[in-house]
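To find a chain, count down the sequence lines: A is the first, B the second, and so on, and within it residues start at 1. Below, all heavy atoms of this structure are taken into account, side chains as well, without hydrogens, waters or symmetry copies.
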Protein chains: 2
Amino acid sequence: MASLEFSFPSISFFKALSDESRLKIVGALAANERSVEELATLLDLRAPTVSHHLAKLKEVGLVDMRSEGTTHIYHLVMSEVRSLAKRVLSLDSMETFTEDVVPDAWERKILGDFFDGQRLKEIPASRKKREVVLRWLVERFNAGKRYTEKEVNAIIGKHHPDFATLRRELICAKLLARESGIYWRT
Amino acid sequence: MASLEFSFPSISFFKALSDESRLKIVGALAANERSVEELATLLDLRAPTVSHHLAKLKEVGLVDMRSEGTTHIYHLVMSEVRSLAKRVLSLDSMETFTEDVVPDAWERKILGDFFDGQRLKEIPASRKKREVVLRWLVERFNAGKRYTEKEVNAIIGKHHPDFATLRRELICAKLLARESGIYWRT
DNA sequence: CATCTAATTAGATATATATCAAAATAATAG
DNA sequence: CTATTATTTTGATATATATCTAATTAGATG
């Protein structure tokens, strides 16, 4: 069944609870175990509809069923409710929602857009994009080394003619520091 | 906008997180605030699509936005994440999912189906339905009073000829108790 | 003011899914 | 074995919605 195959474990949990009827079913089962017919009466739905919803809830382990004759009696699986809930809650688990996303796709796109090999075609107008370019530029400097302004200009100048603006931006973004004419990486 | 009007507060929360793209957005924002374009690049979607999802997340208060020029920078509202999550997780809150459901719809349906006025048309075969009828029957007895078997048979007999079976069932369901020929409500 | 860029809105489309009626299955009672 | 009852499965349908392109809006820049 296709609906079982999600990229993240959490999404099936949210999907299972993102329907009003299923939420009502969970609510009804929180108070008491109930048969399909009973739930159908309570929610004013036909039995096949309820059966369909129960199947989805069962798929993610939120409910389970026991037979009594032809009657199927469903109940909440509270341990699963709690464990899923906990997993979903923390910020840590949220960060895993993007596990399969390439984390520097943005940076690579910007650098690809604005650079022609080593040459910066244009200084980005938007602050966020400019920052990406500046972070790339500052990598052209050695971490421990100290530079004169002339040396800084030369290095930046290899990538773009307006070295003065870029030098100022690097200081402003606190990527380079300056004291009495001497520059270094922060 | 129609999607704002749900019967329960919780369902909008689940709906907001029941889409893979929106979960990824939340994940990306958990690590860092980001612009629409940046999110679009990260998730490999067009900007309008991301904008659409951000609007939904904003609707339920999970994210908020600040402008920087024409750039809109979105961030998670963690307090809202936590408060919504907490509200949603407890068993108590689950029972409120059925607030608008008539709680004894089932019992009334069964009684309507099986009774013709005071007369029980038939003893339900299924245990769950039989239990409803038995609970109605036991109400015909006074809570403090003690009855001989003859009296018990007479009372049950007013509603159905097979008083012996029903009397046995009442004992079995622990609705009536018996000791040395004397019966009383439990 | 004209232009550019980022974001949003509008409109279109395709997919997903909630619901129901009818048919099939399963368990029990006679 | 046949009939009955509770549930599930199937098939059909209508609604919801995720996504895209094109058009519009809103700031910023020259």
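No continuous path of hydrophobic side-chain contacts links Ile73(A) to Leu45(A) [ILVMFWY only; heavy atoms under 4.5 Å].
As rounded to whole Å, 19 Å separates atom P of dT9(D) from atom CZ of Arg46(A). Put simply, NZ on Lys128(B) is 13 Å from P on dA6(D), counting in whole angstrom units. If you take CG of Leu43(A) and P of dT19(C), they are 9 Å apart, rounded to a whole angstrom. As a whole-Å value, the separation of Asp19(B) CG from dA16(C) C1' is 11 Å.
His52(B) comes within contact range of at least one nucleobase, with a heavy-atom separation under 4.0 Å. Residue-level contact check: Ser21(A) touches the backbone only, with heavy atoms under 4.0 Å from sugar-phosphate atoms and none from bases. The residue Arg127(A) sits apart from the nucleic acid: no heavy atom pair falls under 4.0 Å.
Checking each of Glu38(A), Glu37(A), Glu68(A) against Lys129(B) for a salt bridge (charged side-chain N to carboxylate O under 4.0 Å, His left out) leaves exactly one that passes, namely Glu37(A).
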(request) Go through the steps for Trp184(A) and Phe141(A) under the test ring-ring contact (aromatic ring centres under 6.0 Å, His included), then give the verdict. (result) CA-CA 8 Å; Trp184(A) 66 94; Phe141(A) 294 82; over 10 Å; no
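Residues Tyr183(B) and Glu149(B) bring a donor and an acceptor atom of their side chains to less than 3.5 Å of each other.
From Leu62(B), atom CG reaches atom CG of Leu57(B) across 6.0 Å, with rounding to the nearest 0.5 Å. Lys15(B) contributes atom NZ, which lies 11.0 Å from atom CG of Leu17(A) (distance to the nearest 0.5 angstrom).
Taking the nucleotide of DNA chain C with the nearest heavy atom to each of Asp44(A) and Val50(B), the more 5' of the two is matched to Val50(B). Comparing Pro48(A) and Thr49(B) by the nucleotide of DNA chain D whose heavy atom lies nearest to each, the residue mapping closer to the 5' end is Pro48(A).
For Lys56(B), a side-chain nitrogen or oxygen approaches OP1 or OP2 of dA18(D) to under 4.0 Å. For Arg22(A) and dA18(C), the shortest distance from a side-chain N or O to OP1 or OP2 is below 4.0 Å.
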Polar-atom pairs under 3.5 Å, protein N or O versus N or O of nucleotides 5-7 of chain C: list them with distances, or write none.
{"residue": "dA6(C)", "atom": "OP1", "partner": "Lys129(A)", "partner atom": "NZ", "Å": "2.5"}
{"residue": "dA6(C)", "atom": "O4'", "partner": "Thr70(B)", "partner atom": "OG1", "Å": "2.9"}
{"residue": "dA7(C)", "atom": "OP1", "partner": "Val36(B)", "partner atom": "N", "Å": "3.3"}
{"residue": "dA7(C)", "atom": "OP1", "partner": "His72(B)", "partner atom": "N", "Å": "3.3"}
{"residue": "dA7(C)", "atom": "OP2", "partner": "Glu37(B)", "partner atom": "N", "Å": "3.0"}
{"residue": "dA7(C)", "atom": "O3'", "partner": "His72(B)", "partner atom": "ND1", "Å": "2.8"}

